[in-house]
There are 2 protein chains.
Amino acid sequence: MNVRMLCLGFLTFGDSTGYEIKKAFQERLSLLYNAGYGSIYPSLNKLHEDGLVMLREEAQNNRPDKKVYSITPEGRACFETYVQRTPGEDHFRSEALTTLMFSHLLPKEHVSDVLDLIIATYQEKIHLLSEDCDMKPTPSEKFLCGFGVKVREAAIDYINQNRHMLESCAQENSKKQTDGVE
Amino acid sequence: MNVRMLCLGFLTFGDSTGYEIKKAFQERLSLLYNAGYGSIYPSLNKLHEDGLVMLREEAQNNRPDKKVYSITPEGRACFETYVQRTPGEDHFRSEALTTLMFSHLLPKEHVSDVLDLIIATYQEKIHLLSEDCDMKPTPSEKFLCGFGVKVREAAIDYINQNRHMLESCAQENSKKQTDGVE
DNA sequence: CTGTGCATGTAAATCGTTACATGATTGC
DNA sequence: GCAATCATGTAACGATTTACATGCACAG
């Protein structure tokens, strides 16, 4: 599922501009995806070229014309076909956890700091999600929101219960490796 | 953390060839990252150019020469500096969950199928991880392995308890939208 | 005789991020 | 006066995926 398809998907909810789609990514999909103008505008152009969306330009004073996109029947059919395919695998990327795979190279304090940072980041996200959850416009978004909370809560519990595994294999003090290169 | 840095990181565990590094990605880091030859071999070449790794070529009969890479002191220093930076944010991408954001377009059975598929996939992963966990060579890997299990267990629980939210907003029968384009 | 493992790579395509470029309006 | 919001985009870069290309050994 790339930015192009997701833009098409957002247009199934109603007409929209590139600018608004950017906001939709932030407000509705930021748990799973984020996109910048640099990918959204070219995507919309491509969708238009392919006849999957239409646009009407609305003149505005002192602003660039607003380009309001709407999905065409072909676009809708295309998206529905796409979304009924068997979905691919999940991907989870964490620079923090990846870093911790190399705990043997890190001073103990740094390992603890990274673990604390992960927990703090997750806690903040949980906080934001909990606040938003009830206000989400669709059941799907509520579901995803709750998912984000529960998974992070489990992650925090796990980290608190098992962090000693990492902290005990880290470098005992902040002595750098540069002297121990062998 | 890109493939180049991860290759460098693997070499802190000991000398290795590109082929072996590919296996290391699969066996040790597949929860967080996966890389193919198409990114590993060019990465190793770049690292060599930059003087961060050395290589010795071992002739073999009827096979391409084996290129055994080892990390240089500069490479080690570079990696340690890199790994002590404050890590960036996590990213979680799920095509299945993204699909479910569009439940309003999907026949109910398909929503259920996708949910069942997510659960089955997670369960299989949990099974594989649980078996491997004890055999993992480093505490870091055990930690990560356990993390993968716990988080997926929480996800499955959440899905089972809340799937009705999605199933009730899906299309009641398998009637396609093509007639209801408005 | 077929598939798996060993062992290397290149080239093209796809995809996304980041930085740049423009410019008025509104609220603090 | 400064930041934020509205509103559009392009260009360069970076990263990864995928398909291609080669070829022996060994097990079933």
Side-chain angles (χ1 to χ4, degrees), chain A residues 1-10 15-27 29-30 32-50 53 55-69 82 88-95 98, chain B residues 1-10 15-27 29-30 32-50 53 55-69 82 88-95 98:
Chain A
M1 187 89 83
N2 57 20
V3 175
R4 196 154 73 241
M5 276 299 157
L6 284 171
C7 287
L8 196 56
F10 277 127
D15 297 357
S16 189
T17 66
Y19 187 82
E20 287 167 347
I21 287 176
K22 170 84 191 312
K23 279 196 301 183
F25 269 97
Q26 270 166 356
E27 288 163 17
L29 211 60
S30 62
L32 293 176
Y33 223 100
N34 255 309
Y37 297 125
S39 49
I40 291 170
Y41 286 119
S43 292
L44 289 169
N45 287 331
K46 185 67 176 13
L47 289 169
H48 188 234
E49 260 179 50
D50 296 345
V53 303
L55 81 122
R56 58 171 196 281
E57 295 190 44
E58 287 178 11
Q60 301 186 115
N61 29 340
N62 303 321
R63 294 240 175 80
D65 288 1
K66 188 191 271 192
K67 294 188 176 176
V68 182
Y69 291 90
Y82 183 83
E89 280 191 10
D90 290 359
H91 295 285
F92 173 60
R93 279 274 215 293
S94 168
E95 205 165 284
T98 307
Chain B
M1 186 91 82
N2 57 22
V3 175
R4 197 154 72 241
M5 275 298 157
L6 284 171
C7 287
L8 196 56
F10 277 127
D15 297 356
S16 188
T17 67
Y19 188 83
E20 287 166 347
I21 287 175
K22 170 85 191 313
K23 279 196 303 182
F25 269 97
Q26 271 166 355
E27 288 163 18
L29 211 60
S30 62
L32 294 176
Y33 222 100
N34 254 310
Y37 297 124
S39 49
I40 291 171
Y41 285 119
S43 293
L44 289 169
N45 287 332
K46 186 66 179 10
L47 290 169
H48 188 231
E49 259 179 50
D50 295 346
V53 303
L55 82 121
R56 59 171 194 281
E57 294 191 47
E58 287 178 12
Q60 301 186 112
N61 30 341
N62 304 322
R63 295 237 175 81
D65 289 1
K66 187 189 272 193
K67 293 187 177 177
V68 182
Y69 291 90
Y82 183 83
E89 281 191 11
D90 290 357
H91 294 285
F92 172 59
R93 280 277 214 288
S94 169
E95 205 165 284
T98 307

Peer 1: I need the CZ-C1' distance between B:Phe25 and D:dT17, as an integer number of Å.
Peer 2: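 It works out to 14 Å between those atoms.
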
Peer 1: Extract from the structure each pairing of a protein N or O with an N or O of nucleotides 9-14 of chain D at less than 3.5 Å, listing the distance.
Peer 2:
unit_1: D:dG9; atom_1: OP1; unit_2: A:Lys67; atom_2: NZ; d: 2.2

Peer 1: Which of the following nucleotides, C:dC6, D:dT17, C:dG16, is nearest to the side chain of B:Ser39?
Peer 2: D:dT17

Peer 1: Given axes from five pairs at either end, by how many degrees does the helix from C:dC1-D:dG28 to C:dC28-D:dG1 bend, rounded to 10°?
Peer 2: 40°

Peer 1: Report the distance from atom OH of A:Tyr33 to atom C1' of C:dC15, rounded to the nearest whole Å.
Peer 2: 8 Å

Peer 1: Once side chain to side chain donor-acceptor pair (under 3.5 Å) is applied, do any residues pair with B:Ser94, and if so which ones, sequence neighbours excluded?
Peer 2: A:Asp90

Peer 1: Between C:dC6 atom P and B:Glu20 atom CD, what is the distance in whole Å?
Peer 2: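 Atom CD in B:Glu20 sits about 9 Å away from atom P in C:dC6.
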
Peer 1: Which residues pass the side chain to side chain donor-acceptor pair (under 3.5 Å) test with A:Glu58, not counting sequence neighbours?
Peer 2: A:Arg56

Peer 1: Do any N or O atoms of the protein come closer than 3.5 Å to N or O atoms of nucleotides 3-5 of chain C, and which pairs are they?
Peer 2:
none

Peer 1: Which residue pairs pass the side-chain hydrogen bond (donor to acceptor under 3.5 Å, both in side chains) test when at least one of the two sits in residues 37-47 of chain A, sequence neighbours left out?
Peer 2: A:Lys46-A:Asp50

Peer 1: Could you tell me the separation between the CD1 atom of A:Ile40 and the P atom of C:dT18, rounded to a whole number of Å?
Peer 2: 14 Å

Peer 1: Taking side-chain contact (heavy atoms from CB on, under 4.5 Å) as the test, write out the residues that go with B:His48, two or more places apart.
Peer 2: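 Counting only residues at least two positions away or on another chain, B:His48 forms a side-chain contact (heavy atoms from CB on, under 4.5 Å) with B:Val53, B:Leu55.
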
Peer 1: Under the side chain to side chain contact (heavy atoms under 4.5 Å, CB included) rule, what do A:Tyr69 and A:Asp15 come out as? Steps first, then yes or no, please.
Peer 2: CA-CA 6 Å; A:Tyr69 291 90; A:Asp15 297 357; over 6 Å; no

Peer 1: Heavy-atom nearest nucleotide on DNA chain C for B:Thr17 versus A:Met1: which residue maps closer to 5'?
Peer 2: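 Checking each residue's closest nucleotide, the 5'-ward one belongs to B:Thr17.
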
Peer 1: Looking at residues at least two apart in the chain, or sitting in another chain, which of them share a side-chain contact (heavy atoms from CB on, under 4.5 Å) with A:Thr17?
Peer 2: A:Tyr19, A:Glu20, A:Lys66, A:Val68

Peer 1: State which residues pass side-chain contact (heavy atoms from CB on, under 4.5 Å) with A:Glu27; sequence neighbours excluded, sorted by chain then number.
Peer 2: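 Checked A:Glu27 against side-chain contact (heavy atoms from CB on, under 4.5 Å); matches are A:Lys23.
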
Peer 1: Test of understanding: with ring-ring contact (aromatic ring centres under 6.0 Å, His included), list the residues that count as partners of B:Phe10, not counting sequence neighbours.
Peer 2: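 For B:Phe10 the ring-ring contact (aromatic ring centres under 6.0 Å, His included) partners, ignoring immediate neighbours, are B:Phe25.
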
